[in-house]
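Values in this document were obtained by computation on a predicted structure and should not be read as measured data. The chains referred to below are lettered A, B, ... by the order of the sequence lines, with proteins before strands, and numbering in each begins at 1.
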Amino acid sequence: MDNYNFTEIEKKWQKKWKEAGLFTVDVKDIKNKYYCLMMFPYPSAALHVGHGRNYIIGDVVARYMKMKGYNVLSPMGFDAFGLPAENAAIKNGVHPEDSTMKNISTMKRQLDSWGVLYDWAREVASCKSEYYKWTQWIFLKLFEKGLAYKKKAFVNWCPSCNTVLANEQVVDDSCERCDTAVEQKDLEQWFFRITDYAQRLLDDIGKLGDWPEKVKTMQRNWIGRSEGVNIDFPVDGTDIKLTCFTTRVDTVFGCTYMVLAAEHPLIDKLVENGPDKLKIMDFIKEVRTISKIERGGAVGDKNGIFTGRYVINRMTGKKIPLWIADYVLMEYGTGAVMAVPAHDQRDFDFARKYELPLEVVIDNPKESLNAGSMTAAYEDPGILVNSGDFNGLLSDTAKTKIAEYMESNGIGRRSVHFRLRDWLISRQRYWGAPIPIIYCGKCGTVPVPEKDLPVKLPKVVEFRPTGESPLKYAPDFMDTRCPACGGKAAREIDTMDTFVDSSWYFLRYISPGIDDRAFDTDDVNNWLPVDQYIGGVEHAILHLLYSRFITKVIADMGYIAFDEPFKRLFTQGMIVKDGAKMSKSKGNVVAPDSLIERYGADTVRLYTLFIGPPEKDAEWSDQGVEGAYRFIKRMWYVFDLMDNSAPGGEGNPKAGKEVICKMHATIKKVTEDIEGEFHFNTAISAVMELVNGIYSAVNEYGADSLSEKLLESVMRNITLLVAPFVPHVAEEMWQKLGGKVSVFKSEWPAYDPELLLTDTVEIPVQFNGKLRGKVEVERGLGEDRLREIISGDEKIALWLKGVKIKKWVILPDKLVNIVGVNE
RNA sequence: GGGCGAGUGGCGGAAUGGCAGACGCAAGGGACUUAAAAUCCCUCGGCCCAUAAAGUCGUGAGAGUUCGAGUCUCUCCUCGCCCACCA
């Protein structure tokens, strides 16, 4: 047998698969369709082995499904707009387009060298105008429906980088790149009205049966639905009513003051003629301008100021003071909070600081509360006290009763609030899809007509940050004509968040070439929802939520017939090195190229899959790679065993029986591991055991103990089983075994349940739950006979001496436990 | 503060409530070799002990359910991730 020359083998098969179009799909052929999708990557300079995990897992699934007879669509593309390219451009003076295209070609080469196959004819890159034309079209569709709108909003501003930051670039209230504290700046911004879909996005999580529970929970928390009551508080001496939202209406009798957010729109009117107006305005200014980090850095440190006004708590009839404080957020609820210091820790802290009164209205059933001696708010449910007609009720009952009372007396209304905010999609950046909007002095905000798409991103632009959108300084881009009146007009200079690009790419793969529509409705309806989506858990919230939203919007407009894009989701864990995420700055990046050169792609794939359960993080070990390499060689050299076995010989029946049994068990195990939770690590270890089994049979019973025929049949099955994991060597082995077509066009092996079973079984025998011996008996032995054999066993008998047996627990063919006491 | 995970040998990790540590890495010993690499074989949780056998302890800690618990229940500790002054 030849040596295992992985370089030659891998080159050869990669070329042949390409020529044969192994993963080329005709979308019109929808029989047995299977859409296997991996999250498309951002084109960074080079991939490391951590990135590889995603593609290798996906490739295993695609190849496995292919062998199961499915028509597998596995496309790939690039999420090519975005900040890193722009930042690199600022730093190195290379145009983002050039660096991005260069990175894409590097990545494609790396993916090829891993043996990961895609239908490359469907490749998309979000920075190409033939793609973003349709991202812009989606924007226009949302605009048409009133789902895209512009409003003033605070954006994250890094004063050091002189630029706007996306939320995800703000880490611990500081700039992700330079660690400077992020400020809030008030700018006109485009939003998508995702909040209109909050309830549906929440409800439909129920449809996502095959998503990880963890991801579903994260989405639920992010949407954050809470039920409560909007309560009106009249401001004493005015006709103004302030409305606050609460989920704890049961505590309303304990509301001893009220607090507004500093951004609350009615503040100006309320303090207009007050004596402390200037002091209050100063306070508000401070809260607004101070960066978030100082404002909320230490939770518990709350600052506020009295407005001089009082509001009426209509449940108690009492006048309570109205305050402004930095711990109330304008973005959530109504920006006004009824403060119940006895039953809310934040209100408690604030009340203690400013010596505001505290009233217990929910008593702790275990230990009565004392307003004076409380050291913390009592936030648990309890029994109502000091609450008029509602005294004695349990919190839960009181919530309903009080809400009903408020509704029938016009004090408040039941209401639902979400934490989810509208999606801010404007970026004051260059490297993104331009927002297709034109501003005309006469006609106002005018959408670019569909026929004028794409609005092309100009190539020559000064994109060094000035604090304004770089496109402002591209006159050829900026200056245009109004599509409505033909007069002079200016283009929108902001670009779109890259999450917009990635929220629909899975549709484009179906119809990559067409330029008169974003996608073909029939084809998309035939192929989607995606059967299996695979990607990192870091996208659990934003990308997946946005994709679900856009899908629903497009579905509502009638372009597609489904409203959830991904049927089944798998989120793989990160690969870390020395306990940390791989990154260039930490210097712990493991590059695949040199490993592939040294051991071959199959080895790197095998180790990546063997490293641990794929949904969990795993620590990379270069020594572990060596082990994977050894296994492949060990498998390869089974061919030598075949050469050495006696030609035409019958072999040793006992050895043969053992190997056959093991073989069927392995087929069962590998199949179940792949189809279940993608536990490739245990699937691979099962094959390792089978290969070890062959070697030990030969060791124990001699070189000719396994007939050539048997070895060949075992090898054939091993080859099929490992094909998705180590495709090149498997294809080579398959050919050597006489395979006429590709192993990936061959049928996945089936096991014979009859042959899984050995003739005899070894039964562990316990005494009082502790293992005391084992007996080897024939399979399917009756309980009486088993009891007899065990009682007669010398070793067991020692333990049963002087013992009164109370009970025999017998699991036929599996285990026996004798329960007894010493007499 | 809230949510979700996870704690098993020197390490990565296995184990439908039924033999804890599969498989692999590392380590030690041996065979082959002039030598090395590669390969093959053996040992490999702790204690007791002479290497054994037999015994005994052992899955973060403690309790519970059970004939039987790494696995189920409760309490606690530690670590990781996500969210976080969300009313």
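If you take OH of A:Tyr695 and C1' of B:C23, they are 17 Å apart, rounded to a whole angstrom. B:C86 atom P lies 15 Å from atom CE of A:Met338, rounded to whole Å. Separating the NZ atom of A:Lys814 from the P atom of B:G17 is a distance of 10 Å, rounded to the nearest angstrom. Across the protein-nucleic acid pair, A:Glu538 atom CD and B:C4 atom P stand 21 Å apart, rounded to whole Å. Between the P atom of B:C85 and the CZ atom of A:Phe350 lies a distance of 17 Å, rounded to the nearest Å. In this entry the distance linking NZ of A:Lys633 with C1' of B:G24 reads 15 Å, nearest Å. Rounded to whole angstrom, the span from the CE atom of A:Met688 across to the C1' atom of B:A14 amounts to 13 Å.
Here B:A14 is the nucleotide among B:A14, B:C19, B:A22 with the atom lying nearest to any side-chain atom of A:Asn681. For A:Pro613, counting side-chain heavy atoms from C-beta on, the closest listed nucleotide (B:A15, B:G13, B:G18) is B:G13. Nearest nucleotide to the side chain of A:Glu689, out of B:C25, B:C23, B:C83: B:C23. With B:C25, B:C85, B:G18 as the choices, the nucleotide that has an atom nearest any side-chain atom of A:Gln623 turns out to be B:C25. For A:Arg419, whose side chain is taken as the heavy atoms from C-beta onward, the closest listed nucleotide among B:C83, B:C41, B:A15 is B:C83.
A distance of 12.5 Å separates CZ in A:Arg225 from CZ in A:Arg220, rounded to the nearest 0.5 Å. In this structure, CD on A:Glu776 lies 4.0 Å from OG1 on A:Thr760, to the nearest 0.5 angstrom.
At B:A26, one or more side-chain N or O atoms of A:Arg630 fall inside 4.0 Å of OP1 or OP2 (strictly under the cut-off). Contact annotation: A:Asn699 side-chain N/O to B:C41 OP1/OP2 distance is under 4.0 Å. Contact between the side-chain N/O atoms of A:Asn303 and the OP1/OP2 oxygens of B:C85 is not found at any separation under 4.0 Å. At B:C86, one or more side-chain N or O atoms of A:Arg346 fall inside 4.0 Å of OP1 or OP2 (strictly under the cut-off).
Residues A:Ile694 and A:Val714 meet the side-chain proximity criterion, which asks for heavy atoms closer than 4.5 Å. A:Val60 places none of its side-chain heavy atoms less than 4.5 Å from the side chain of A:Phe678. Side-chain contact between A:Ile674 and A:Phe680: present, with at least one pair of heavy atoms (C-beta onward) separated by less than 4.5 Å. The side-chain heavy atoms of A:Glu615 and A:His679, taken from C-beta on, include a pair separated by under 4.5 Å.
If you take atom C1' in B:G68 and the same atom in B:G18, they sit 7 Å apart, rounded to whole Å.
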So what's the dot-bracket for RNA chain B: Watson-Crick or G-U pairs under 3.5 Å, [ ] if a pair crosses, | if it pairs off-strand? (((((((..(((.....[....))).(((((.......))))).(((.......)))..(((((..]....))))))))))))....
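A:Asn3 and A:Tyr637 share a donor-acceptor pair across their side chains, judged by distance under 3.5 Å alone.
In this structure, A:Glu783 pairs ionically with A:Arg787, as a charged nitrogen and a carboxylate oxygen lie closer than 4.0 Å.
Checked by distance alone, A:Lys774 brings a side-chain donor or acceptor within 3.5 Å of a matching partner on the base of B:C19. Within 3.5 Å, a donor on the side chain of A:Arg421 pairs with an acceptor on the base of B:C86, or the reverse. Side-chain atoms of A:Lys214 and base atoms of B:C4 include no donor and acceptor less than 3.5 Å apart.
Contacts of A:Asp347 with the nucleic acid, taken as non-hydrogen atoms under 4.0 Å apart, are absent. Using a 4.0 Å heavy-atom cutoff across all strands shown, A:Ile611 reaches sugar-phosphate atoms only and no base atom.
The residue among A:Thr246 and A:His679 whose nearest nucleotide of RNA chain B is located toward the 5' end is A:His679. Both A:Lys770 and A:Ala336 lie close to RNA chain B; mapped to their nearest nucleotides by heavy-atom distance, the more 5′-ward contact belongs to A:Lys770.
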